[in-house]
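A short worksheet on the structure shown next.
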Amino acid sequence: MAELDTNIEKLNGFLTRFEDKGVLNQIGGQAVAAQSGRTFETSSPVDESLICQVARGDADDIDAAAQVAKAAFPAWRDMAGTDRKKILHRIADGIVERAEEIALCECWDTGQALRFMSKAALRGAENFRFFADRAPGARDGQMLPSPTLMNVTTRVPIGPVGIITPWNTPFMLSTWKIAPALAAGCTVLHKPAEFSPVTARILLEIAEEAGLPPGVWNLVNGFGEEAGKALTEHPDIKAIAFVGESKTGSMIQAQGAPTLKRVHFELGGKNPVIVFEDADLDRALDAAIFMIYSLNGERCTSSSRLLVQDTIADEFEAKLAERVHKIKVGHPLDPATEVGPLIHETHFDKVSSYFDTARDNGAIIAAGGTRKGDTGWFVNPTLFTGARNDMAIAQEEIFGPVLTSIRFSTEDEALQIANDIPYGLTGYVWTNDLTRAIRVTERLEAGMIWVNSENVRHLPTPFGGVKASGIGRDGGDWSFEFYMEQKHIGFATGHHKITRLGA
Ligand code: NAD
């Protein structure tokens, strides 16, 4: 309890700076209110208390910021990669210095537990370091000589880009998208999620204090259908990197069509964790629990569908239920807390509605299925058993601490269930049979698969989904493929025959 009190005291100290003007936009290095003067409120999911007012940007603010990003682009593009590298490393240093402030503010704004958020802030710094080191080589290309031409390729940054982020782990996800854009030489206009605006502002302040030139990165807060939509439609914005729901991705693709926007989508998931009878069941249990109940289950890569072989299902589900009952739900700033409140009332209503859906579907609620307390948006970690894959609780992304368990008898049936879903982000396969692991990973429809492991992110590997889970990949060089254009130049040796017309 003492640690919780200390953390609350520290948080209150960090938040005083927002008391007066709230969270402002940042355009061309200036902190500005929305041109309309309008604001919206951000409140904490812990007790619904007001955190502060936030600038409610719209098309006018987006236009102002896009023009600034366009004007700042040539100088940033032409800066030596080695200089961009130094600035990005200094941003990482700044994140590390303010990691505690970022973690406490993020927990209060989103309801995420501190035990995960302190690491997420540091992962944000790592994202900057990873892409900082790649900035000097971002333009590297190939030499592809033909008999008469020296053909070379290079890459150039695409231009000012729009980055739209969701409210789950917003700080880490923002760094994940913005760091490669800057390393590539693009300028950025960031529209963070309206439910979690606080740390996006802190992040940009860190960047400008680290020496990022004004206008290279701009921030406009606001609602998706106002500021977000205007950003996707703006003619000076050359690409949109978006993380969020699949249905929002569809809207953005339509909104960006008239200006032929390049899009990169990281969307929803309903990811299977498949546990075969020959697996190391203790490790499988730990990983399955971690991947759905950490981060409040508000995680795109969560293992929200457990596919368990019928020969071991009774015992596995019993152990699972026992552990789920013991997960510690509480105040996000208490270091002992494992699950905090859901982000917002609307999301709480969505997640809770699946408790009735499960009953109506005929599934069993083996744990949870109830609200916790009557203040804040807490739900008890929930386990549905006896489910079939055609039930809504098995097909729809619930995005909370809610696991749906489905039984299978054969490998073919496991694969059939796993793939019978609109999504295809991640898959987790637990087996000690190597040849089975090869067969299953080969046929599983997912962008990322882990065998005998939870999701362990390695930054050089490609991150992204198939089907309704996304378009494109992040990580390593894949991020640069999105933020840059390939260019081919052919230098003739001067000897090839040029066909002569009218000669
Ligand atoms: P959301 O789609 O509701 O909102 C995401 C962002 O899009 C917000 O900033 C919002 O303001 C903006 N937006 C909404 N409508 C828009 C429009 N018409 N035009 C432009 N912008 C618009 O998503 P959310 O509820 O904030 O986040 C949760 C979702 O994100 C889940 O589906 C989750 O799986 C997904 N997600 C995916 C990944 C991944 O890597 N695949 C990672 C994290 C989250």
Side-chain angles (χ1 to χ4, degrees), residues 40 42 54 56-59 62 109-112 120 127 162-177 189-197 200 219-234 237 240-257 259 261 263-271 291-292 295-304 342-344 346-351 396-400 421-426 446-448 455 457 461-475 478-479:
F40 63 94
T42 186
V54 185
R56 183 170 161 183
D58 59 23
I62 289 289
D109 206 12
T110 65
Q112 290 290 348
N127 289 337
I163 293 178
I164 302 178
T165 47
W167 46 257
N168 66 315
T169 58
F171 182 83
M172 207 288 294
L173 283 172
S174 302
T175 62
W176 178 230
K177 309 303 284 186
L189 203 177
H190 180 204
K191 208 300 282 173
E194 47 271 52
F195 286 165
S196 59
L219 171 73
V220 174
N221 289 283
F223 296 144
E225 55 276 20
E226 293 177 0
K229 182 167 181 287
L231 178 56
T232 62
E233 292 171 342
H234 201 285
I237 297 295
I240 295 287
F242 168 74
V243 186
E245 283 190 39
S246 302
K247 67 175 188 312
T248 315
S250 303
M251 283 194 274
I252 290 177
Q253 201 157 33
Q255 291 161 195
T259 50
K261 285 282 182 296
V263 293
H264 185 179
F265 288 162
E266 288 175 17
L267 309 174
K270 187 78 176 179
N271 310 297
M291 279 311 301
I292 182 63
L295 302 180
N296 301 346
E298 295 165 326
R299 172 184 205 149
C300 55
T301 54
S302 72
S303 56
S304 46
L342 298 171
I343 181 86
H344 192 273
T346 53
H347 190 56
F348 168 87
D349 287 344
K350 175 187 157 176
V351 172
E396 295 170 17
E397 186 185 43
I398 299 174
F399 218 57
I421 194 97
Y423 297 106
L425 189 58
T426 63
M448 297 170 281
N455 165 355
R457 182 86 189 102
T461 59
F463 186 103
V466 300
K467 294 157 70 176
S469 290
I471 298 175
R473 294 292 179 275
D474 259 328
W478 287 277
S479 297

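First listed ligand is number 1; within each ligand, the first listed atom is number 1.
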Next item on the list: Would you confirm whether Asn271, through its side chain, and Cys300, through its main-chain N or O, come within 3.5 Å as a donor-acceptor pair?
Entry: yes
Notebook entry, point to check: Short question: side chain of Thr426, backbone of Met448 - any donor-acceptor pair under 3.5 Å?
Noted result: no
Note to self: If the condition is side-chain contact (heavy atoms from CB on, under 4.5 Å), which residues does Arg56 pass it with, not counting sequence neighbours?
What the structure shows: Arg38, Phe40, Phe223, Glu226
Could you pull out the N/O contacts under 3.5 angstrom between ligand 1 and the surrounding protein atoms?
residue  : atom   : partner : partner atom : Å
ligand 1 : 2 (O)  : Glu245  : N            : 2.9
ligand 1 : 2 (O)  : Thr248  : OG1          : 2.6
ligand 1 : 9 (O)  : Thr165  : O            : 2.8
ligand 1 : 9 (O)  : Lys191  : NZ           : 3.1
ligand 1 : 11 (O) : Lys191  : NZ           : 2.7
ligand 1 : 11 (O) : Glu194  : OE1          : 2.5
ligand 1 : 11 (O) : Glu194  : OE2          : 3.4
ligand 1 : 11 (O) : Gly224  : N            : 3.3
ligand 1 : 18 (N) : Gln255  : OE1          : 3.0
ligand 1 : 19 (N) : Gln255  : NE2          : 3.1
ligand 1 : 23 (O) : Glu245  : N            : 3.4
ligand 1 : 25 (O) : Trp167  : NE1          : 2.9
ligand 1 : 26 (O) : Trp167  : NE1          : 3.1
ligand 1 : 30 (O) : Gly244  : O            : 3.4
ligand 1 : 32 (O) : Glu397  : OE1          : 2.6
ligand 1 : 34 (O) : Glu397  : OE2          : 2.6
ligand 1 : 40 (O) : Glu266  : OE1          : 3.0
ligand 1 : 41 (N) : Leu267  : N            : 3.2
ligand 1 : 41 (N) : Leu267  : O            : 2.7

Notebook entry, point to check: Are any side-chain N or O atoms of Lys177 and backbone N or O atoms of Val243, one a donor and one an acceptor, separated by less than 3.5 Å?
Noted result: no
Checklist line | Residues which pass ring pair (Phe, Tyr, Trp, His ring centres under 6.0 Å) with His264, listed by chain and number, not counting sequence neighbours | finding: Phe482
Checklist line | Partner set under side-chain contact (heavy atoms from CB on, under 4.5 Å) for Trp478, not counting sequence neighbours | finding: Pro462, Arg473
